[in-house]
Visitor: 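Have a look at this one.
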Amino acid sequence: MWFVMAAAAVLTGMMMTSCDKDDEIFPKEVIESEVLDQGIDEQVEEQVGTDGTQLSYESWIVVKGITRAAFENKVSVTLNNTLNNVNKEIEVSSWESGDATISVTCKAGESRKNGDFVTVLDSIMVCRVQYPNFSFDYELVYQVGLYDDGVTKQTMPYHKYENIVNNGCELSELDDVTENGKAYKRQRCAHSITVTFNGKQYTVSSELVLKKEVKGEDMLLSSKVVDEGVSFSETDSWSGELVSWIMLEQTWSESGIKQIKKEVVLKNDMLETTGFSTNELATMPGPNDFVIKQENADPGRLEKREADGFTIQQYGYNVTVRLNEKASGKTLVYMPYEFVYEKATYQDEKLTYEMPFRHYENPQSSFTAESWNLGEGGMYSMKLGISFSIQFGEKTYSDSERYTFFYGEQR
């Protein structure tokens, strides 16, 4: 009797152990289930390395259901997203410059089980950057969790990349190389894009080496101005030098895209001129009986010269200031001013461009007159001042003269 009871106990223990193992190997069959809640952890962990950036966060759902007994479980999974930097060498057929376009497509990657009911899928957002002479891809990996217990199927919450912005490419020259008996010109292209993930911006970078086989003469294909400016250097009170410059982006058939700064020195000056004045008056006008007149002549061409790809044209600009009696129209003071300034034109095989410049402008003149003063011997005198100013760019030049007029029979 004791032997039978012992054997029964052993058999019962074997059966219980066998059932427990079956539950571990084969998940319990779900009879009913429904999703009660879902969400994403707001905290995203970042790991930044030379190859890119990895972003990890937890996605979860709460599932209520019935197997052999009722259950309510929180099912969570950690999703890993990867922003992969790009490092590659690209052979190009030309150095044609231009703007890039970006197109976005998606493709499926690998998948893996995570627990009994969750499958993690790798989704890849492919951002193709297309230039006129080459293209390359950024592969932005984001993971999606799929819950499937046989009754309920649900895509778990996840973050996706948004707002892709092209930051452009910065080119720089590299040393030439020879590979397999062929000579190559090379350029470095540093490119990046910015993407938004969970409300935060991330930068994805590429380090590209562009190479072109050297086959013939290096010819200029295109030339355009990407920046320009002037800087003024005053040499004395009425003259100065203007450094005019442009930044060119040139595309060459063999050496590729280059940025070249071209500058030229332009001179401005006032020439010496001779005026006149009279200090004797036939009448005795009052301070308000004078009028100042200003004559501005149109600029005229003077000398021309060539220098380092520039044609430099000199211009003359004349301004005449007269102080007249109102009644008679007689000129009492004659003050001529003659100015010269220069303009330059740049020219290469593909471009003709007028360089930035400054010139004389906005001449202004005025006068002040004092009352008559009776001196010794019955001689009257009046002092009168004339002021003149003109602008050259941001610089203002000015001149002033004082004159004394006399009236009477004695000196």
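Computed from heavy atoms alone, side chains included, the values below leave out hydrogens, waters and symmetry copies.
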Visitor: Counting N and O atoms only, with roles assigned by atom type, does the side chain of Ser244 sit under 3.5 Å from a partner on the main chain of Pro356, one being a donor and the other an acceptor?
Guide: yes
Visitor: Going by heavy atoms in the side chains, are Lys262 and Trp245 under 4.5 Å from each other?
Guide: no
Visitor: Are any of the side-chain nitrogens in Lys185 or Glu213 under 4.0 Å away from the carboxylate oxygens of its partner?
Guide: no
Visitor: Between Asn85 and Val204, is any pair of side-chain heavy atoms under 4.5 Å apart?
Guide: yes
Visitor: Within a strict 4.5 Å, meaning less than it, do heavy atoms of the Ser222 and Lys224 side chains meet?
Guide: no
Visitor: Which residue in the set Met335, Glu295, Gln294 passes side chain to side chain contact (heavy atoms under 4.5 Å, CB included) when paired with Arg322?
Guide: Glu295
Visitor: Are side-chain N/O atoms of Glu306 and Thr311 paired as donor and acceptor at under 3.5 Å?
Guide: yes
Visitor: Determine whether the aromatic ring centres of Phe232 and Phe392 lie less than 6.0 Å apart.
Guide: yes
Visitor: Using modelled atom types and a 3.5 Å cut-off, is there a donor and acceptor pairing between side-chain atoms of Tyr161 and backbone atoms of Val141?
Guide: yes
Visitor: Any non-hydrogen side-chain atom of Asp289 less than 4.5 Å from a side-chain atom of Glu325?
Guide: no
Visitor: Is a donor on one side and an acceptor on the other found under 3.5 Å between the side chain of Arg186 and the backbone of Asp175?
Guide: yes
Visitor: Under the 6.0 Å and 45° cation-pi test, does Lys258 pair with Trp252?
Guide: yes
Visitor: Between Ile386 and Ile292, is any pair of side-chain heavy atoms under 4.5 Å apart?
Guide: yes
Visitor: Could you walk me through whether Tyr346 and Tyr353 satisfy the ring-ring contact (aromatic ring centres under 6.0 Å, His included) test, starting with their C-alpha distance in whole Å, then the side-chain angles of each, then the deciding distance to 0.1 Å, before giving a yes or no?
Guide: CA-CA 5 Å; Tyr346 169 80; Tyr353 192 82; 8.2 Å; no
Visitor: Okay, side chain of Lys343, backbone of Arg358: is any donor-acceptor separation there less than 3.5 Å?
Guide: no
Visitor: I'd like to know if Lys383 pairs up with Glu370 as an ion pair, taking the criterion as any Lys NZ or Arg NE/NH1/NH2 lying under 4.0 Å from an Asp or Glu carboxylate oxygen.
Guide: no
Visitor: Keeping the roles fixed (side chain from Asn81, backbone from Gln143), state whether a donor-acceptor pair exists under 3.5 Å.
Guide: yes
Visitor: Is the backbone N or O of Lys350 less than 3.5 Å from a side-chain atom of Asp348, with the two atoms forming a donor-acceptor pair by type?
Guide: yes
Visitor: Please determine whether a side-chain nitrogen of the Lys or Arg among Glu207 and Lys88 lies less than 4.0 Å from a carboxylate oxygen of the Asp or Glu.
Guide: no
Visitor: Flag the pair Arg112 and Asp122 as a salt bridge only when some basic side-chain nitrogen lies within less than 4.0 angstrom of an acidic carboxylate oxygen.
Guide: yes
Visitor: Kindly indicate whether the side chain of Lys107, heavy atoms from C-beta on, has any atom under 4.5 Å from the side chain of Val126.
Guide: yes
Visitor: Would you check if the side chain of Asn166 reaches a backbone N or O of Ile193 as a donor-acceptor pair within less than 3.5 Å?
Guide: no
Visitor: Measure the acute angle between the ring planes of Phe357 and Tyr341, then classify it against the limits of 30° and 60° as parallel, tilted or perpendicular.
Guide: parallel
Visitor: Please evaluate residues Phe339 and Tyr397 with respect to the criterion ring-ring contact (aromatic ring centres under 6.0 Å, His included), reporting the C-alpha separation (whole Å), side-chain torsions for both, the decisive distance (0.1 Å), and the verdict.
Guide: CA-CA 11 Å; Phe339 306 93; Tyr397 295 114; 7.8 Å; no
Visitor: With side chains defined as the heavy atoms from C-beta onward, is the minimum distance between Asn296 and Pro363 less than 4.5 Å?
Guide: yes
Visitor: Let's go through Thr194 and Asn167 carefully: what are the C-alpha distance in whole Å and the side-chain angles of both, what is the deciding distance for side-chain hydrogen bond (donor to acceptor under 3.5 Å, both in side chains) to 0.1 Å, and is it a yes or a no?
Guide: CA-CA 7 Å; Thr194 301; Asn167 298 326; 2.9 Å; yes
Visitor: Is it the case that Lys211 places NZ or CZ above or below the six-membered ring of Tyr184, under 6.0 angstrom from the centre and within 45 degrees of the axis?
Guide: yes
Visitor: Is the side chain of Ser135 donor-acceptor paired with the backbone N or O of Gln130 at a distance under 3.5 Å, no angle test?
Guide: no
Visitor: Check whether any side-chain N or O of Tyr360 sits under 3.5 Å from a backbone N or O of Asp269 as a donor-acceptor pair, and report yes or no.
Guide: yes
Visitor: Does any N or O in the side chain of Asn133 come within less than 3.5 Å of the main-chain N or O of Ser94, such that one atom is a donor and the other an acceptor?
Guide: yes
Visitor: Is the shortest heavy-atom distance from the side chain of Asn324 to the side chain of Leu332 under 4.5 Å?
Guide: no
Visitor: Is Glu170 paired with Arg188 through a side-chain N to carboxylate O contact shorter than 4.0 Å?
Guide: no
Visitor: Would you mind checking if Lys261 and Glu228 are paired as a salt bridge, meaning a charged N to carboxylate O distance below 4.0 Å?
Guide: no
